[in-house]
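This report refers to the structure that appears directly beneath it.
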There are 2 protein chains.
Amino acid sequence: MEQLSPDANLLKGNLDLILLEILEAQPMYGLEIINEAQTRTDGYFDFKEGSLYPALHRLEAQGWLSGAFQDSDSGGPRRKYYRLTDKGNRALERKRAEWQRFGRAIESLRGRP
Amino acid sequence: MEQLSPDANLLKGNLDLILLEILEAQPMYGLEIINEAQTRTDGYFDFKEGSLYPALHRLEAQGWLSGAFQDSDSGGPRRKYYRLTDKGNRALERKRAEWQRFGRAIESLRGRP
DNA sequence: CCTCCTACCTAGGATAGCTATATAGTAAGC
DNA sequence: GCTTACTATATAGCTATCCTAGGTAGGAGG
């Protein structure tokens, strides 16, 4: 487990991409997303509920995700599972491209006199 | 020249890194930084003065940049040249490492079932 | 002079993630 | 039945940062 988490500002504008990446393969509910993000990044990503839920609502309002409540399979409160819509899949492609473009732009700044 | 500029939110938290990258090789003044960023990224980065100047002041207050006024060599108003301090160089290294780490974390989210 | 260009600066607004808390259902212990 | 703990979703208020939209001022050229 790594302790370091990213500067909060790095997430701005990238949280959408991150959520779409995680939900691309399979639908998940809120806390599951937080756990998955932690596991897959060795604890680097550690989203707070106060960041996650508004973001999920935002993406749902944009039509990129659709959420549906479902009873827990282990006896807890109901869970809201989010899955990517077709629109969300297209958005993911755009976000990936934008991320690549941004990275290339940063690199192109280096090594100049 | 490319028209597309990055989503404003992508810049949040990365503008510091960008400015340090640009100023690493040589000192520059405000508008020169804007022009250089445009040129080096084929117009992708197009910083507004309202973003740039507060950022420069912030970095100067943190001790990462030091600024000094200097008369223009082409007869305009005086220019404020910013150069990286030693502290700024160390900050640049940290920001680069953080950027790499963040990029790796994003990639590690992909291709999972 | 008067206009234009350069150059620096700032106030106010919008956005998005974080802190902290609220709400509620289920399960376990006594 | 009551309390405690865990899970799960939700949101109000804070803060940081970038952008919009201006302002100030010096020099060049007609």
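Each chain gets a letter, A, B and so on, in the order the sequences are listed, and its residues count up from 1.
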[X] [atom1] to [N] [atom2]: how many Å, rounded?
{"X": "B:Leu31", "N": "D:dA25", "atom1": "CG", "atom2": "C1'", "result": "14 Å"}
{"X": "B:Leu19", "N": "D:dT17", "atom1": "CG", "atom2": "P", "result": "13 Å"}
{"X": "B:Lys12", "N": "C:dT15", "atom1": "NZ", "atom2": "P", "result": "10 Å"}
{"X": "B:Asp46", "N": "D:dC18", "atom1": "CG", "atom2": "P", "result": "15 Å"}
{"X": "A:Glu32", "N": "D:dA8", "atom1": "CD", "atom2": "C1'", "result": "12 Å"}
{"X": "B:Arg79", "N": "D:dG27", "atom1": "CZ", "atom2": "P", "result": "13 Å"}
{"X": "B:Ile33", "N": "C:dA7", "atom1": "CD1", "atom2": "C1'", "result": "12 Å"}
{"X": "B:Asp71", "N": "C:dA7", "atom1": "CG", "atom2": "P", "result": "12 Å"}

Between [X] and [Y] (side chain of the first, backbone of the second, donor and acceptor by atom type, cut-off under 3.5 Å), is there such a pair?
{"X": "A:Glu32", "Y": "A:Tyr29", "answer": "yes"}
{"X": "B:Lys87", "Y": "B:Gln62", "answer": "yes"}
{"X": "A:Glu36", "Y": "A:Ile22", "answer": "no"}
{"X": "A:Asn35", "Y": "A:Leu31", "answer": "yes"}
{"X": "A:Glu21", "Y": "B:Ile106", "answer": "no"}
{"X": "A:Glu60", "Y": "A:Gly67", "answer": "yes"}
{"X": "B:Thr85", "Y": "B:Ser66", "answer": "no"}

[X] has a side chain; which of [options] sits nearest to it?
{"X": "A:Phe69", "options": "C:dC8, D:dC18, D:dT9", "result": "D:dT9"}
{"X": "A:Ser72", "options": "D:dA8, C:dA16, C:dA7", "result": "D:dA8"}
{"X": "B:Tyr82", "options": "C:dC9, D:dT9, C:dA16", "result": "C:dC9"}

Indicate, with a heavy-atom threshold strictly under 4.0 Å, whether [X] touches base, sugar-phosphate, or nothing.
{"X": "B:Gly30", "result": "sugar-phosphate"}
{"X": "B:Lys80", "result": "sugar-phosphate"}
{"X": "B:Phe47", "result": "nothing"}
{"X": "A:Leu11", "result": "sugar-phosphate"}
{"X": "B:Gly75", "result": "sugar-phosphate"}

Margin query: Tell me whether B:Arg40 forms a cation-pi arrangement with B:Phe45, defined as NZ or CZ under 6.0 Å from the six-membered ring centre and within 45 degrees of its axis.
Written below: no

| Distance check: side-chain N/O of B:Asn9 vs OP1/OP2 of C:dT15, anything under 4.0 Å? | no

Of A:Gly50 and B:Gly50, the one whose closest nucleotide on DNA chain D sits nearer the 5' end is A:Gly50

### Task
Please report the C-alpha distance between A:Arg104 and A:Glu107 in whole Å, then the side-chain angles of each, then the deciding distance to 0.1 Å, and finally whether the salt bridge (charged side-chain N to carboxylate O under 4.0 Å, His left out) criterion is met.
CA-CA 5 Å; A:Arg104 268 186 286 121; A:Glu107 280 170 28; over 6 Å; no

When rounded to the nearest 0.5 Å, the distance separating CG of B:Leu20 from CG of B:Leu84 is 5.5 Å

Within residues 51-62 of chain A, those residues having any heavy atom closer than 4.0 Å to DNA chain D are A:Tyr53, A:Pro54, A:His57

Could you write out each protein N or O paired with an N or O of nucleotides 22-25 of chain C at a distance under 3.5 Å?
none

